Amino acid sequence: MTYSAVFKEHLAHPHNAGELPGATVVVEETNPVCGDRLRLYLLVEDDQIETAKYLAYGCPPTLVCGSVLTDLVRGKKIQEALAITKDVLIAAAGGLPGRKHHSAALALETLRSALTQLGTSTEEKSLNLT
Amino acid sequence: MKTQRIYLDHSATTPVDARVVNAMLPYLTGKSGNASSVHSFGQEARAAVDRARREVAALIGAKQNEIVFVSGGTEANNLAIRGLCEAVSEKGHIITSVIEHPSVRGVCDALEKRGWEVTRLPVYENGIIRVEDARAALRPNTVLITVMFANNEIGTLQPVRELGELVRTERQSGRRSLWLHTDAVQVAGRESIAVEELGCDLLSLSGHKLYAPKGVGALYVRRGVRLQSQSIGGHQERERRAGTENVPGIVAFGEAARLARTEISERRSHDKRLRDNFENEVLRRIEDVVLNGEKEMRLPHLSNLSFRFVEGEGLLINLDLQGVAVSTGSACSSGTLEPSPVIRALGRSDELARGSIRFSFGKDNTDNDVERTVDVLANAVTRLRELSPLNKALAS
Ligand SMILES: Cc1ncc(COP(=O)(O)O)c(C=O)c1O
């Protein structure tokens, strides 16, 4: 299987890799079939994703999707981030073979669950305030 | 700058030796006869096939009429197991192991679907079956024991000679229809093989694992063992494998077998020295590394290691980007998401099974290759561990 130059570049030099102390939200999702894992850290201020970092375990596309996803969400409003689709992610990764699309699915699932958690925690916060 | 690539996947296949190419070339160009033809072209081809047969026989201590040329290890295993089982009149029982190559495992599975009984012997943490288990598994209708000589993923040597003794003892006490097959594809050219000493009836070989081209192999069939041919429609190979002989491939295999026989001790000590240096360096420089399979009773050229918190394919591609070629799982079954069944059979966790990498050395590797591989590997493992969530607490 041949991977694209973009893909290899992300693999050799991942962007935004590592932990993010002080993150607003941290979420980790696992693909139950293959055991791939993605942990996403988001620092959110005023509805905007200021910083995103990630950790990943699994096949190369999963590692690359973490790098690509964090690039994509940085600087985005939450609504914009929610609008990212699998196709956008796959294109940004320089393409993925069909049998590796599950990596993109895992990345999006992790993002959605982080954003949902963010939504709930801000709701909780506002509840506490009242 | 383009760096030299390093090939450490000799258990998947070996590069063809230049001397082997030279030996086969005349049979691709001028000497292009069919070995069944009566004229001088045919006689030339026949003589070359016969010479190759003597060389392959000599490699394993067999007689030349006990060698059947086939297309490779997979076909040899198919012919051995199906050929033997179809030659006996009633469906019986087969004993095999849980770590066989897919070409043995698959044939046993297929026979089981057709009504044969199959016992799959476990391996223990060391990746080796126990002869007592085989003895205990024997049934009155056991026809075949098929256990590989050495495993292709972890290199562990199986007690085939002891299985041979078991079969011999059973025969002495009156059992008539019990045969022993062993898949020696990974062993040939790496450890010496003597079929008489092993006491096996059938033994599979493949050319491309010993510096011959892909697409040629052989099955040793002890004199007197009856097989049902799996390819019908010609008298070739004493009716055991119909079809025009692959003369250039067979010639190449013969030359590769001759070279393997004469060079075996150098190759063995060369590969072992590189492998041992490699392992020592890896264990010295990288933490949390697990050796898969028994350390002593294994092939001299192979090392299978799991790097905790790191997934195998990710590591493999990272090494490949740096020009180092290795493999994870069985070369034939990568692409499936299942962790290696062989490593799982050792009782390892899914995580360790997914993190297993096979490094297999060959005669053209150098000390420099080892040094550079360890550097590249240490670097890649460190980077992937930094990236891994498995060794970091999930705390926000
Ligand atoms: C143990 C074992 N048996 C059989 C085979 C199949 O041999 P071939 O590739 O010649 O069909 C292989 C090679 O992958 C092997 O390692």
Side-chain angles (χ1 to χ4, degrees), chain A residues 1-3 5 7-44 53-67 70 97-100 102-103 106 110 114 117-118 121, chain B residues 2-3 288 306-329 331-341 343-344 348-357 376-377 379-396:
Chain A
M1 180 171 53
T2 50
Y3 287 119
F7 184 96
K8 287 184 194 166
E9 182 53 31
H10 275 286
L11 193 63
H13 308 285
H15 306 171
N16 319 311
E19 295 172 282
L20 180 60
T24 323
V25 61
V26 187
V27 156
E28 182 169 308
E29 293 292 339
T30 305
N31 177 329
V33 183
C34 61
D36 281 6
R37 281 184 198 213
L38 188 66
R39 189 188 295 178
L40 185 63
Y41 299 83
L42 298 179
L43 181 69
V44 181
K53 295 195 85 175
Y54 80 102
L55 296 174
Y57 167 86
C59 60
T62 296
L63 308 183
V64 166
C65 282
S67 176
T70 46
R99 63 188 183 86
K100 295 295 192 181
H102 65 89
S103 295
L106 175 66
T110 313
Q117 196 166 314
L118 202 60
S121 57
Chain B
K2 186 123 180 104
T3 46
D288 284 322
S306 289
F307 300 86
R308 289 203 61 204
F309 317 123
V310 173
E311 193 268 348
E313 200 184 329
L315 183 53
L316 182 149
I317 305 276
N318 265 283
L319 296 181
D320 190 41
L321 291 176
Q322 306 285 316
V324 178
V326 298
S327 69
T328 173
C332 321
S333 52
S334 67
T336 60
L337 284 168
E338 290 299 307
S340 154
I343 313 291
R344 290 288 285 128
R348 297 267 189 261
S349 65
D350 275 353
E351 182 213 325
L352 282 179
R354 266 197 92 181
S356 78
I357 296 274
V376 166
L377 179 67
N379 201 296
V381 169
T382 305
R383 287 201 312 109
L384 288 169
R385 280 186 179 159
E386 277 166 11
L387 193 60
S388 177
L390 300 187
N391 53 348
K392 295 172 197 76
L394 177 63
S396 44

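Letters A, B, ... mirror the listed sequences (proteins, then strands); counts begin at 1. Both backbone and side-chain heavy atoms feed into the values below; hydrogens, waters and symmetry mates do not. It should be emphasised that the depicted structure is a prediction, and the values quoted were computed from it without experimental measurement.
For the pair A:K100 and B:E313, the salt-bridge criterion is met [side-chain N within less than 4.0 Å of a carboxylate O]. A salt bridge is absent between A:K8 and B:D320: the closest approach of a Lys/Arg side-chain nitrogen to an acidic carboxylate oxygen does not fall below 4.0 angstrom.
Checked by atom type and distance alone, the side chain of B:R354 never pairs as donor or acceptor with a backbone atom of A:G58 at under 3.5 Å.
For B:L321, the part lying near chain A is the side chain, with the backbone staying farther off; criterion is any non-hydrogen pair under 4.5 Å.
Chain A forms more heavy-atom pairs under 4.5 Å with one residue of B:Q322, B:E386, B:K392 than with any other, namely B:K392. Heavy-atom pairs under 4.5 Å with chain B were tallied for A:G35, A:A17, A:A56, A:G18; the largest tally goes to A:A56. Counting heavy-atom pairs closer than 4.5 Å to chain A, the top-ranked of the candidates B:G312, B:G355, B:P389 is B:P389.
Here the CZ-CG distance, from A:R37 to B:L390, works out to 5.0 Å after rounding to the nearest 0.5 Å. Note that CD1 of B:I317 and CG of A:L63 are 10.0 Å apart. Values are rounded to the nearest 0.5 Å. A distance of 8.0 Å separates CD in B:E311 from OG1 in A:T62, rounded to the nearest 0.5 Å. The distance from the CG atom of B:L387 to the OG atom of A:S67 is 9.0 Å, given to the nearest 0.5 Å.
Residues B:L384 and A:Y57 are not in side-chain contact: their nearest non-hydrogen atoms beyond the backbone lie 4.5 Å or more apart. Residues B:R383 and A:P14 form a side-chain contact, since some pair of their non-hydrogen atoms from C-beta on lies under 4.5 Å apart.
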